[in-house]
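Since this is a predicted model, take the numbers as computed values, not measurements. Hydrogens, waters and symmetry mates play no part in the numbers below; they use all other heavy atoms, side chains included. Each residue takes its place number in the sequence, starting with 1.
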Amino acid sequence: MKNVFIIGSKGIPARYGGFETFVELLTRYKVNENISYHVSCMSSENSEFYYQNVRCFNVKVPNMGSARAVLYDVLSLKECIRYIKEKNIENAIIYILACRIGPFISTYKKQLRKLGVTLFVNPDGHEWKRSKWNYYIRQYWKYSERLMVKHGDLLVCDSKGIEEYIKKDYAAYSPKTTFIAYGATVKNSVLSDDSSKLLEWQNKHKVMPLNYYLIVGRFVPENNYELMIREFMLSNSNKDLVIISNVEENTFYKDLLNKTQFQKDKRIKFVGTIYDQDLLEKIREQAYGYLHGHEVGGTNPSLLEALASTKLNLLLNVVFNKEVGSNGAVYFDKEKNSLAALLDEVDQYDINFINELSSKAKKRITDEYSWEKIVNDYETLFLN
């Protein structure tokens, strides 16, 4: 039996973002009975429970701002070591998602080596580039990443671009890496076109099927909202731009409003967040096109979901997006008028060409990013 301990997600059942969904589906679709998963869950109490045949252990962490995630990972790692010692578990794997605890890892690595535990690390994207962090926190993330790469036995990268970056920037450590992507599922929404919740949403926001472009993602500067909004305002499109994000009238939103005056363009509609996954799938399906401006590393879950359900996808031309979208999408650059011109062009696309792009996008997901493939790749890795 191979025991795999997963640290770094907030836990399952998934109620949050990418890592949580990954752990949920990795364990749900488990095929090989020779793997036993142990998943760390952030909680207000220390306890243990089972969910879809997975041993989940709660780790109590005080609320202390951005440092909470660092403490959570350290306490989770300590609990894994305690449990492995207590149960005399041999040949285990600890898989840490993200590089938050680099300054502390060398101490624990010595203990892991004594216990015969292999340390896997998922470096995630370029956390140190995210604009939400101040200069000092960014320096911490970069330093922490370097130490996690140095001490990890294997770096599991969900993007070939990230894998190349790890090999190049940390060549001094000769890091051992492998590539296993994030997953998505190609399927139709369970909601019908005349579903009451869909019609209610459309009426509330005055949105018509196939008459809007869609953006879904965290409302942060590095996702290039300013670029996409400015370019949309420059375009001649008669369609709407529907933005599903956690705006909550934050500072970035107010700055963006002052810079662009987007409230004067009636086509631009911020509609808040949507936690109903069935409704969100249907909204993706009914979009004329999807805009994706993420540029900070990794295989982005919202991009995979868009390629799996929206026929026409317009992506920022960076290595991570090109790697995923390949020939199933069209691309824009950050230069002025690049996206505006593309919007005017795709507004006139022939339906047959749109369907051709859609087929290529869905084939890309089915061939390279299906959860069945991702789970198989992970199980093979864990057992070998």
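Between the side chain of S235 and the backbone N or O of F232, at least one donor-acceptor pair lies under 3.5 Å. Side-chain atoms of T310 come within 3.5 Å of backbone N or O of R284 as a donor-acceptor pair. A donor-acceptor pair is defined here as one N or O able to donate and one able to accept, closer than 3.5 Å; such a pair exists between the side chain of D276 and the backbone of L279. Judged by distance alone, with hydrogens and angles left aside, the side-chain atoms of D158 form a donor-acceptor pair with the main-chain N or O of T299 at under 3.5 Å. A donor-acceptor contact shorter than 3.5 Å links the side chain of R364 to the backbone of V324. At distances below 3.5 Å, at least one donor-acceptor pair connects side-chain atoms of Y72 with backbone N or O atoms of S9. Using modelled atom types, no side-chain atom of K363 and backbone atom of G328 make a donor-acceptor pair closer than 3.5 Å. Counting only distance, with no hydrogens or angles, the side chain of N3 and the backbone of H38 share no donor-acceptor pair below 3.5 Å. Checking side-chain atoms of S338 against main-chain N and O of K334 turns up no donor-acceptor pair under 3.5 Å. Checking side-chain atoms of N376 against main-chain N and O of E372 turns up no donor-acceptor pair under 3.5 Å.
Between Y173 and the options R146, K167, H151, a side chain to side chain donor-acceptor pair (under 3.5 Å) holds for only R146.
Under the 4.5 Å side-chain criterion, counting only non-hydrogen atoms from C-beta, P62 is not in contact with R68. Here the side chains of H292 and N313 are not in contact, with every heavy-atom distance at 4.5 Å or above. The shortest distance between side-chain heavy atoms of F219 and L256 falls below 4.5 Å. E79 is not listed as a side-chain neighbour of F5, based on a closest heavy-atom distance of 4.5 Å or more. Taking 4.5 Å as the limit, some side-chain heavy atom of V74 sits within range of a side-chain heavy atom of Y108. Between E226 and T260 there is a side-chain heavy-atom pair separated by less than 4.5 Å. When side chains are defined from C-beta on, Y140 counts as touching P103, because their heavy atoms get closer than 4.5 Å. Residues K160 and F320 fail the side-chain proximity criterion, which asks for heavy atoms closer than 4.5 Å.
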Please lay out, stage by stage, how V346 and Y213 fare under the test side chain to side chain contact (heavy atoms under 4.5 Å, CB included). CA-CA 11 Å; V346 300; Y213 289 92; 3.2 Å; yes

Hey, mind stepping through N224 and E295 against side chain to side chain contact (heavy atoms under 4.5 Å, CB included) and telling me if it holds? CA-CA 8 Å; N224 286 294; E295 65 174 327; 3.1 Å; yes

Please test I105 against L119 for side chain to side chain contact (heavy atoms under 4.5 Å, CB included), starting from the C-alpha separation and ending with a verdict. CA-CA 10 Å; I105 198 65; L119 178 63; 4.0 Å; yes

Yes or no on side-chain hydrogen bond (donor to acceptor under 3.5 Å, both in side chains) for T118 and D153, after CA distance, side-chain angles and deciding distance? CA-CA 6 Å; T118 306; D153 296 310; 5.0 Å; no

Candidate pair N246 and Y253, rule side-chain hydrogen bond (donor to acceptor under 3.5 Å, both in side chains), full reasoning: CA-CA 10 Å; N246 56 324; Y253 179 86; over 6 Å; no

Begin from the C-alpha positions of V117 and I81 and carry the test side chain to side chain contact (heavy atoms under 4.5 Å, CB included) through to its verdict. CA-CA 9 Å; V117 177; I81 292 171; over 6 Å; no

Full working for side-chain hydrogen bond (donor to acceptor under 3.5 Å, both in side chains) between Q263 and Q261: CA-CA 5 Å; Q263 81 281 11; Q261 299 291 301; 3.3 Å; yes

Apply side-chain hydrogen bond (donor to acceptor under 3.5 Å, both in side chains) to the pair Y290 and S309, showing each step before the final yes or no. CA-CA 10 Å; Y290 183 82; S309 55; over 6 Å; no

Show your working on salt bridge (Lys or Arg N to Asp or Glu O under 4.0 Å) between K168 and E164 and close with a plain yes or no. CA-CA 6 Å; K168 180 182 176 184; E164 289 168 11; over 6 Å; no

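Under a cut-off of 6.0 angstrom, the local environment of CG in N53 is sparse, with at most 12 non-hydrogen atoms contributed by other residues, nucleotides or ligands. Surrounding CD of E90 are at most 12 heavy atoms belonging to other residues, nucleotides or ligands under 6.0 Å away. Sparse packing is recorded around OH of Y143, with 12 or fewer heavy atoms of other residues, nucleotides or ligands lying under 6.0 Å away. Within 6.0 Å of CD on E200 lie no more than 12 heavy atoms contributed by other residues, nucleotides or ligands.
With rounding to the nearest 0.5 Å, the separation of CZ in F120 from CD1 in I6 is 11.5 Å. We find the CG-CG distance between L315 and L339 to be 11.0 Å, quoted to the nearest 0.5 Å. For the atom pair CG of L191 and CD of E285, the computed distance is 8.5 Å after rounding to the nearest 0.5 Å. Rounding to the nearest 0.5 Å places CD of E281 at 12.0 Å from CD1 of I274. To the nearest 0.5 angstrom, I215 atom CD1 is 9.0 Å from S245 atom OG. The distance from the CD1 atom of I166 to the NZ atom of K176 is 16.0 Å, given to the nearest 0.5 Å.
I365 and L214 fall into different hydrophobic clusters, where Ile, Leu, Val, Met, Phe, Trp and Tyr side chains are chained together by heavy-atom contacts under 4.5 Å. Grouping the Ile, Leu, Val, Met, Phe, Trp and Tyr side chains by contacts below 4.5 angstrom, directly or via other members, places L342 with I268. Cluster membership for F179 and L97, using ILVMFWY side-chain heavy atoms within less than 4.5 angstrom, is not shared. Hydrophobic clustering (ILVMFWY, side-chain heavy atoms < 4.5 Å, transitive): L241 and W201 are in distinct clusters. Two different hydrophobic clusters hold L147 and V121 under the rule that ILVMFWY side chains link at heavy-atom gaps under 4.5 Å.
When all heavy atoms of C80 and I94 are compared, the closest pair comes out as CB-CD1, 3.8 Å. The two residues I101 and V70 make their nearest non-hydrogen contact at CG2-O, 3.5 Å. Residues S302 and V216 come closest through the heavy atom pair OG-O, 3.7 Å. The heavy-atom pair separating V59 from S40 by the smallest distance is CG2-OG, 3.7 Å. Across every non-hydrogen atom of K266 and D240, the tightest pair is O-OD1, 4.3 Å. When all heavy atoms of H294 and N321 are compared, the pair lying nearest together is O-ND2, 2.9 Å.
With ring centers used as reference points, Y182 lies under 6.0 Å from W371. A ring-centre distance under 6.0 Å is not found for Y37 and Y51. A distance below 6.0 Å separates the ring centres of F22 and Y378.
Side-chain contact annotation: S106 with K110, donor-acceptor N/O pair under 3.5 Å absent.
Checked for salt-bridge contact, K30 and E379 miss the test: no charged N lies under 4.0 Å from a carboxylate O. Between K282 and D278 no salt bridge is recorded (no basic side-chain N to carboxylate O distance below 4.0 Å).
Figure legend: K2 and F382 shown without cation-pi pairing, the cationic atom not lying both under 6.0 angstrom from the six-membered ring centre and within 45 degrees of its axis.
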